[in-house]
Every structure is written in C-alpha cells, then in structure tokens.
Amino acid sequence: MCGIVGVLGNHEVSPQILDALKRLEYRGYDSAGIATINRGKLDLRRAVGKLINLSDILVHEPLPGRSGIGHTRWATHGGPSVANAHPHRAGRVAVVHNGIIENFRALREELGAEGISFSSETDTETIVQLASLYLERGMTAVEAARATLKRLEGAFAVAFLFEGEEDMIICARRGSPLCIGHGQNEMYLGSDAIALAELTDRITYLEEGDWAILSRSGALIFDADDHQTNRPVTRINVETARVDKSGHRHFMAKEMAEQPRVLQASMSHYAGLSGGDITLPAELDFANTDRLIMVACGTAFYACQVAKYWFEKYAGLPVELDIASEFRYRDPVLGPNNTALFVSQSGETADTLAALRHVSPHVAQVVSVINVPTSSIARESAVALPIHAGPEIGVASTKAFTAQLQVLALLALKAGMQRGRLTPEAFEARLAELRAVPGFVAQALDREEEIRRLTETLSQARDVLFLGRGVMYPLALEGALKLKEISYIHAEAYAAGELKHGPIALVDTDLPVIVFAPHDGLFEKTASNMQEVMARQGTVILISDAQGLAEAGDVPYCLQMPTVPEFIAPIIYAVPAQLIAYHTALHRGTDVDQPRNLAKSVTVE
Ligand code: M6R
C-alpha cells in the first residue's frame, strides 16, 4: 500500500510526479503529497483524500523544483490528515515511505529523549527525524540515510530528499517493492514500473535489502551488506504498462469487459490456440507431490478454494488451503514432498509473500500464479506462472480472478496427467472445455442489462446472503466479497447445506438470497436449500442455466447463464458475481474503483 515516486529531472518535476502518482493511486488514496527542492530549499504540499485534492492545491500554490519525491497514502499509523500525509519533513530532510516501521515506538521514545517533538502520529516520522538528527550531528546526507536505514525494523520502501542536494535521492527496499527508472540525464523512482511508464521504459528492480543513491547521471546501488552491486536494466513494454479506462466509466467495467480477450490470451500462452497439450515449465512436477498447499488472500484465496476441487477431482492430489495471514502464524506441518502454491494478482501481498518465505525451505517446490511477473512473489518462487491479465487497476479484482481460475484449471489438468489420474481422452475433453471459456464468459457478460435491472431492488438491501454448493460455494464467497467491497452492503456467503445449521435464522422478507446453482450433480440439493429459504419468505435470486431454471419452479428472481460444462462453470459464474456488485454499487453511488478504506495492493501485514 502507499505509492512512492521520485524524479531527478531537467524540468519542473511536480507535474511528472503528480502524473506518476495517478498511476499509483490504486495503492492508496487517503492522502497525497509532493516535496521538491527549489533553489536549494526544500518545500512540500500535502492534501487529504484523493490526488485531485493535491492537484487543486498545486494550482493555487505551485511547487517549483527539478528534484522531488511524491506519495499516495493508505493509512496505517494515524488517520488520514494533512499532518499524517507524506512527505514528512524534519529540518533538511523529507521522506516518503511505504510499509511499516515496527520499532517506531522505541525510536520515538529515543528521539523524544533527545528533545525532538513529533508533528504526526505516523511511524514514518521517526525515519525523517532520525535522518535529520544524524545530519545535525555532522553526517553527510548519504551517511545520515544509511545510518537511519540501519536503525529501522520492519518491511518498507523509502525515499529521502535532502535540502541542498538537488542531484540526489536516496532510496531503499526492504520488504516493499521499489524500482528505478533510467531517463536521458534524468532518473526516476517508483513503487512499480507502471508509475514510470510515461517517463521511461528502462527499469531496474531493486532486490531485497538494496539501497541506492540516485543522481541525474545514474544510480549507485548497494546490497544489504553495503557492497556496491549491479542490477540489470530491463526494458518494459510501456504499452502494456499504460493504464486508461478505454472509454469505460470505471476501470472495473473495463476489466470485466476485457475478460474474454484476457482469457483467450492466457489460454493461448499455455495451450496454444488448438491442440491437446499444456505447456508449463518442465521442472514443474506434481507426480511426486504428496500434498498441495495453497495460500492466498481475498479473491485469490477464493480462486484457490475453487482449484482445490479441481486438484482433488482431476489429479487425486490432497490439498490444504489457508488464508496467508493465518497460515504463517500457526505451525503448518510441512513435508519434503509438498508443493506450495501461492496465488496473487499483485505478487506483492505482504501476507502471501511472508507465507511463501516461511514455507520455501521446507517443501519440494514453490509455485506461484501471479499477474505481475516482476513482482516479489514471482521472483521468489521456483516456478512463477503469469496469468497474462494486464494491469488490474480497479480495487475489486475481476479479470485477475477468472484468469487465475483458468491457469489453476490448466495446472490441475497437467497434474492429473502427470499423476496418471486423467486418461489422455479425459484430459483432452477437459482442455477443450477450457478452450470454450472465453466464448461463454462473453455470453455471460451479455446478461449485463438484466443484471442491472435486478440490482435496482438489491441496492436497497441492508444485508445480502449468497449461497452455493461445491465449486459454487467459493463463488458465493467471491460474490459476497465483491458486494461488500464496492457497494458497502453487508453480505455473507454460506455453503448452501450449512444454512440450516444457523444462518437460516437470518432469513426474512427483507433478506435477498442469491443462489449460484448451475444444473450440475449438486443442483437438486441446492434447490432444496433454496426452497427452505423461500418457505421462510426469503427473496431468492437464482443464477442458473436453462435446465436449472426450468426445474427450480417458481422463484422470485432468475438470471439465466449459458449452459456450460461443470468443470468450467466457476469461471463463467464469476461474471454475474462481478456484475451484481458493480451495478449495485452504481445504484448506490459509491466509488467503484477506489472504495473507501481499501487499497489495491496490500503490502503491509
Ligand atoms: O494482489 P493479491 O491477489 O495478492 O490481493 C489479494 C487480495 O487483497 C485481493 O484479492 C482483494 O481481496 C481484492 N480487493 C478483492 O476484490
């Protein structure tokens, strides 16, 4: 969370920094700020709320200067306020920071004993106060930054700007991503390459523990042991890094609409446009795996939950699932023949990354399914499988979910072949079904207007219940998460059979109950649970296919999905889950792409 930008330029940098921050706003939008050095003097502007507020301030109070740092914040220590907004300044130093300084209390006390008073509630201010103190004690800027970094505990990325040092930004990466951009006698710094896409296509990714001194002529990079080191300059595809809404009202709308194309691209990467094989890195071995451990957060976790059914059914592989933030803090029993699989859109989710580091030494192979190939999770996995979804900017994950499902389905089939659980005929049949996914997803998207009408009433609800069985249970969970996230309506999901063990007490005429129930082997069971709800005056919205709707009888609200093979149904039924949340949020007038309290990339534990 929080986005960091730095520019050592040849023109006014505030507009460049503001523009780069716009591309990082998905990381947090509680406040924003910029600091520059102009004629040797440090100055800054900060504003609460979205970047537009900072832009407005800059119109009236421009911030000249050719060297600067900027920040967009997702609050951790201290609420959203100007005082807590970054950059923080003390004396001749300004700092922007992403992450958490875990020993900030001890540092605050120590600095307090030196007579230093704090003007914010943030952990970040300890960084800038320490650096300022070291400067006052006679250290150079580089020495002060280095000495400060050595005192910090936690996971963070940080950038320092020093008054009087117009050709220097010092930055460090410890736990949170940071990359350096190379320009024509200009240098840039960003939390990710997307931030710098309009400035350069030449990027150096800092490694864990690195710190660097940037000047307009280049970067001196040091590793965690202070040895000067070389990190490669890679060329990024600025076209794919560029982000716009392409005529859609929201990023979420664009990203939902992109799904057929994304799924097609991802499929052709792993399985070509036709033929009967799946191409995966040769070292990926499920034949000798005795247990698959899948770990993720949020929507990515629900993708794992669906995949558990697939790995068990098609590969006969025992699967253990956990939420990353829980997994690390119990004592999971790990074995030398286990495969650990981590799923993450951003590849930077702190809990998932920490879980990966926790298991790595103890298992046979660490595999990840990620959207950002340069991310920390990708780089720290033995095998990283990109989902090829392109940048996902809307906080609510949509295309990444369906693309994760597709790659996980391919993996499950490959595992089924490697383990001799699938005959070649069954393998080819399932693969052919997967190839049909983009077309079915397009058909599901065509139901948008019907869904929009359904949500007119739904948007009035205070609570909503989602039900599903088997692979539709994680879909119900995903539907409830999407709805909570962007419409702020309280929503819960239950395995349909679990309803009678408690939650049915909630059912009354005011409670809409959304049921995901394609006509599969579990349909009769789910339909019975639905009848139990209707018998208690619950308002059911049934999402099923033609046969399911015909057999369901008289249901208050129905939504017809295409008839699809059971294997791929979860990917297709993700679409109504997304569209229901989207249109409910539109009716309620909430901020779809940047819902309150959330950030796209959760890089703090
Ligand atoms: O980047 P990741 O996939 O690791 O993110 C995990 C969750 O934070 C994410 O899926 C979150 O739940 C989404 N906002 C859900 O729409």
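Being a predicted model, the structure only gives us computed values, none of them experimental.
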May I ask you to decide if [Y]'s main-chain N or O and [X]'s side chain share a donor-acceptor pair within less than 3.5 Å?
X    : Y    : result
D545 : P518 : no
R536 : L506 : no
R421 : G416 : no
R588 : S459 : yes
S266 : I387 : yes
N371 : S346 : no
D508 : Q537 : no
R419 : F286 : yes
E485 : L598 : no
R291 : N337 : no

Inset, instruction - Please list all pairs passing the side-chain hydrogen bond (donor to acceptor under 3.5 Å, both in side chains) test where one or both residues lie in residues 517-526, with sequence neighbours left out. - result: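 Sorted result for residues 517-526: H519-E551.
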
4.5 Å side-chain heavy-atom contact, [X] and [Y]:
X    : Y    : value
Y473 : Q305 : yes
M267 : R435 : yes
Q406 : V262 : no
M294 : F311 : yes
T402 : L263 : yes
M252 : V395 : no
L454 : Y557 : yes
I514 : L467 : no

Tabulate below the donor-acceptor pairs under 3.5 Å that side-chain atoms of residues 350-358 make, not counting sequence neighbours, or state none.
{"from": "R357", "atom 1": "NE", "to": "E380", "atom 2": "OE1", "distance (Å)": "2.8"}
{"from": "R357", "atom 1": "NE", "to": "E380", "atom 2": "OE2", "distance (Å)": "3.4"}
{"from": "R357", "atom 1": "NH2", "to": "E380", "atom 2": "OE2", "distance (Å)": "2.6"}

Between the side chains of [Y] and [X], is the shortest nitrogen-to-carboxylate-oxygen separation below 4.0 Å, so that they form an ion pair?
X    : Y    : answer
E312 : K308 : yes
E450 : R453 : no
D322 : R328 : no

So which atom in [X] and which in [Y] form the shortest heavy-atom distance, rounded to 0.1 Å?
X    : Y    : result
L317 : T289 : CD1-O, 3.6 Å
I486 : T590 : O-OG1, 2.6 Å
A303 : F401 : N-CE1, 3.5 Å
I489 : L458 : CD1-O, 3.8 Å
A444 : M561 : CB-SD, 4.0 Å
I370 : G347 : CG2-CA, 3.9 Å

Inset, instruction - May I have the step-by-step check of side-chain contact (heavy atoms from CB on, under 4.5 Å) for L579 and R447, ending in yes or no? - result: CA-CA 9 Å; L579 286 171; R447 303 277 184 233; 5.6 Å; no

Pairs in or reaching into [range]: which pass salt bridge (charged side-chain N to carboxylate O under 4.0 Å, His left out), with residues at least two apart or in two chains?
range            : result
residues 456-470 : R452-E456
residues 381-397 : E392-K600
residues 400-417 : D277-K414

Could you tell me whether the side chains of [X] and [Y] share a donor-acceptor contact shorter than 3.5 Å?
X    : Y    : result
K482 : S487 : no
S376 : E348 : yes
H583 : E448 : yes
T584 : T455 : no
Q578 : Q259 : yes

Legend entry - Stepwise side-chain contact (heavy atoms from CB on, under 4.5 Å) test for L411 and V369: CA-CA 10 Å; L411 265 184; V369 171; 4.2 Å; yes

Legend entry - From CA spacing to verdict: side-chain contact (heavy atoms from CB on, under 4.5 Å), V359, F327: CA-CA 10 Å; V359 300; F327 180 77; 3.2 Å; yes

Rounded to the nearest 0.5 Å, what's the gap from [atom1] on [X] to [atom2] on [Y]? Could you check?
X    : Y    : atom1 : atom2 : answer
N288 : T339 : CG    : OG1   : 9.0 Å
I393 : K254 : CD1   : NZ    : 7.5 Å
L410 : L280 : CG    : CG    : 7.0 Å
I571 : Q404 : CD1   : CD    : 11.5 Å
Q547 : L549 : CD    : CG    : 10.5 Å
F342 : S344 : CZ    : OG    : 11.0 Å

Inset, instruction - Can you run down the ring pair (Phe, Tyr, Trp, His ring centres under 6.0 Å) pairs that involve residues 477-498, sequence neighbours left out, and say none if there aren't any? - result: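 Output for this query is empty, none listed.
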
Inset, instruction - For the pair V533 and M530, evaluate side-chain contact (heavy atoms from CB on, under 4.5 Å) and give the outcome as yes or no after the intermediate values. - result: CA-CA 5 Å; V533 171; M530 187 181 75; 5.6 Å; no

Legend entry - For S368, the option from L341, V343, I377, V295 that meets side-chain contact (heavy atoms from CB on, under 4.5 Å):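 The side-chain contact (heavy atoms from CB on, under 4.5 Å) with S368 is passed solely by I377 among L341, V343, I377, V295.
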
Inset, instruction - Run the numbers on E258 and K399 for salt bridge (charged side-chain N to carboxylate O under 4.0 Å, His left out), then give the verdict. - result: CA-CA 7 Å; E258 280 176 340; K399 62 176 179 173; 2.7 Å; yes

Inset, instruction - Given side chain to side chain donor-acceptor pair (under 3.5 Å), test S397 with Q345 step by step and report yes or no. - result: CA-CA 8 Å; S397 187; Q345 186 283 129; over 6 Å; no

Inset, instruction - Fit a plane to each ring of F567 and Y314, take the angle between them on a 0 to 90° scale, and name the class: parallel (under 30°), tilted (30 to 60°) or perpendicular (over 60°). - result: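 If you compare the ring of F567 with that of Y314, the planes turn out perpendicular.
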
Inset, instruction - Check the pair D192, Y26 against side chain to side chain donor-acceptor pair (under 3.5 Å), reporting the backbone distance first and the verdict last. - result: CA-CA 11 Å; D192 65 26; Y26 72 90; 2.2 Å; yes

